[in-house]
Protein chains: 2
Amino acid sequence: MSAANLRARVRAEMTEEIKTVAKRHLATDGANLSLRAVARDLGMASSAVYRYFASRDELLTALIIDAYDAVGEAAERASAEQSTPLEKWLAAGHAARDWALASPHEWALIYGSPVPGYQAPEDTIVPATRVMLLLGATLTEAYTSGVLVYREPITGRFIEELAPIAASILPDLPARLVADTIAAFFQICGAISAELFGQLNKSVEEDRRGFFDYQLRAAAAHAGLTG
Amino acid sequence: MSAANLRARVRAEMTEEIKTVAKRHLATDGANLSLRAVARDLGMASSAVYRYFASRDELLTALIIDAYDAVGEAAERASAEQSTPLEKWLAAGHAARDWALASPHEWALIYGSPVPGYQAPEDTIVPATRVMLLLGATLTEAYTSGVLVYREPITGRFIEELAPIAASILPDLPARLVADTIAAFFQICGAISAELFGQLNKSVEEDRRGFFDYQLRAAAAHAGLTG
DNA sequence: AGAAAGCAAGAGCACTGCTCTCTTTATGGC
DNA sequence: GCCATAAAGAGAGCAGTGCTCTTGCTTTCT
């Protein structure tokens with residue numbers, strides 16, 4: 001083992017350990033993560049943590065990236081186990097919801113209100129689009145295979161704005177379906193956040209999964225995916 | 001003026017003044033409201049504020065109630081100016097979005113992630129449902145007047161759970177349309193939050209209103225309201 | 001008028017993010 | 001193998017936070 005790599009490896013392990021403890025704190029104590037408390041749990045001085053993360057915001061950013069990746073991977077994995085586009089769509093949505101229910105504070109970190117003065121850095125936007133791209137890919141598969149009933153193109157300034165970006169990210173999908181992908185993603189996030197943040201106060205308690213499924217299918221149907 | 005009422009009136013004015021300053025701080029400094037900073041702005045000791053609000057959470061709760069009322073009133077006012085159900089629906093949605101764009105931090109307070117250990121008290125749930133009830137009333141009008149094309153009832157455990165509450169809140173609406181009302185409300189909140197919290201990173205910049213309108217109409221159409 | 005209640009101020013506690021200085025330890029060139 | 005250098009940790013300290021407690025003062029009620 002080259003001695004030169006030892007420092008770097010120890011540093012990487014320490015960084016990971018800080019994130020792990022921070023996630024545990026997030027899960028138990030909620031969103032107001034205390035750097036000092038994390039340091040205390042690790043048996044080190046709070047100032048030492050600053051050797052790894054320049055600020056509390058930087059630690060949060062790292063956690064946000066991990067969270068995006070975690071939901072993304074959960075959705076992709078669940079989706080991959082299915083065969084038809086609608087099944088993939090539903091599996092992805094339910095996987096995202098399951099992940100959110102299991103890690104509510106991490107969900108709040110990424111899809112709740114941004115932390116006080118926090119400004120999302122560039123590093124976060126790529127992992128952030130992972131779930132949305134999965135939905136888009138599912139629609140693409142349905143569209144190209146003819147399973148999806150495509151109504152007609154729509155017009156509007158937002159469609160013109162969207163078209164160039166759409167062509168580079170989801171090249172085989174008409175602009176309307178790209179708009180539908182984004183809208184569906186927002187709808188799904190909205191449904192999950194609403195459930196998680198207590199918006200459906202007692203109106204549905206037992207079969208929240210069923211209600212979410214209804215909304216998931218509605219979003220799919222609006223894009224023409226009825227399976 | 002009875003001297004007995006003087007105290008109460010002064011107290012009410014002071015309470016209002018604290019809320020006003022707190023809202024100003026919220027608008028400029030973001031969500032991490034500092035009670036001490038508010039007190040400083042009012043030229044009083046921080047401990048004096050505790051005569052009016054038992055804790056920071058209680059102040060936040062008061063601001064949350066005001067915010068719910070403000071969106072609710074904006075939506076109701078805009079809706080009342082229209083004549084057809086679809087027009088009312090769209091007006092309510094756009095009014096909510098306009099309010100959110102004008103008061104992003106207050107929107108975050110009510111529809112973003114709940115503050116750390118914050119648990120919504122009972123006082124907030126009535127004003128919180130105001131916008132949703134408006135959507136439900138609009139659908140009721142469309143349904144009873146025959147403008148709405150009602151497909152067929154659906155089944156599901158969540159519908160059974162919903163039915164009794166639905167009957168007491170929106171008595172003239174079939175359970176399916178109550179579910180659609182809630183789903184539409186979640187979708188609209190999701191669309192607004194996503195736009196506000198930066199989820200549509202540069203994909204749509206100029207015509208965000210148009211994209212929101214598309215989503216609003218999609219939610220209406222799913223309930224059978226095409227106007 | 002006197003007792004009771006309401007209000008404001010200040011000090012203080014325990015906590016936070018963050019910076020600075022000081023000491024120890026590991027690394028890389030000679 | 002030695003030694004300057006860079007990295008890492010520890011501790012003190014600053015300015016800020018929510019909240020409590022005690023101390024006075026003022027208004028209200030009896």
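Residue numbers begin at 1 in each chain, while the letters A, B, ... track the order of the sequences. These numbers were taken from a predicted model, which means no experiment stands behind them.
Across the protein-nucleic acid pair, B/Tyr50 atom OH and C/dA9 atom C1' stand 15 Å apart, rounded to whole Å. If you take CD of A/Glu58 and P of C/dC18, they are 10 Å apart, rounded to a whole angstrom. Between the CG atom of A/Leu33 and the C1' atom of C/dG17 there is a distance of 12 Å, rounded to whole Å. Atom CG in B/Asn32 sits about 12 Å away from atom P in C/dG17, given to the nearest Å. Whole-Å rounding puts the A/Arg9 CZ to C/dA26 C1' distance at 14 Å. C/dA8 atom P lies 11 Å from atom CD of B/Glu17, rounded to whole Å. Distance B/Arg56 CZ to D/dT20 P: 14 Å, rounded to the nearest Å.
Scanning for salt bridge (charged side-chain N to carboxylate O under 4.0 Å, His left out) contacts around A/Arg51 gives an empty result, with sequence neighbours left out. In this structure, the salt bridge (charged side-chain N to carboxylate O under 4.0 Å, His left out) partners of A/Asp207, at least two apart in sequence or on a different chain, are B/Arg157. Listed by chain and residue number, B/Arg130 satisfy the salt bridge (charged side-chain N to carboxylate O under 4.0 Å, His left out) test with B/Asp69 (two or more places apart in sequence, or in another chain).
Taking the six-membered ring for Trp and thresholds of 30 and 60 degrees, B/Tyr214 and A/Phe158 have ring planes inclined between 30 and 60 degrees apart.
Applying the side-chain hydrogen bond (donor to acceptor under 3.5 Å, both in side chains) rule to pairs touching residues 190-202 of chain B yields B/Arg97-B/Glu195, B/Trp107-B/Ser193, sequence neighbours excluded. Listed by first then second residue, pairs satisfying side-chain hydrogen bond (donor to acceptor under 3.5 Å, both in side chains) with a partner in residues 35-50 of chain A read A/Arg24-A/Asp41, not counting sequence neighbours.
Residue B/Leu59 is classed as having no contact, given no heavy-atom separation below 4.0 Å to the nucleic acid.
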Footprint string (nucleotides 8-16 of chain D, 5' to 3'): B base within contact, S backbone only, - free, heavy atoms under 4.0 Å: BBBB-B---
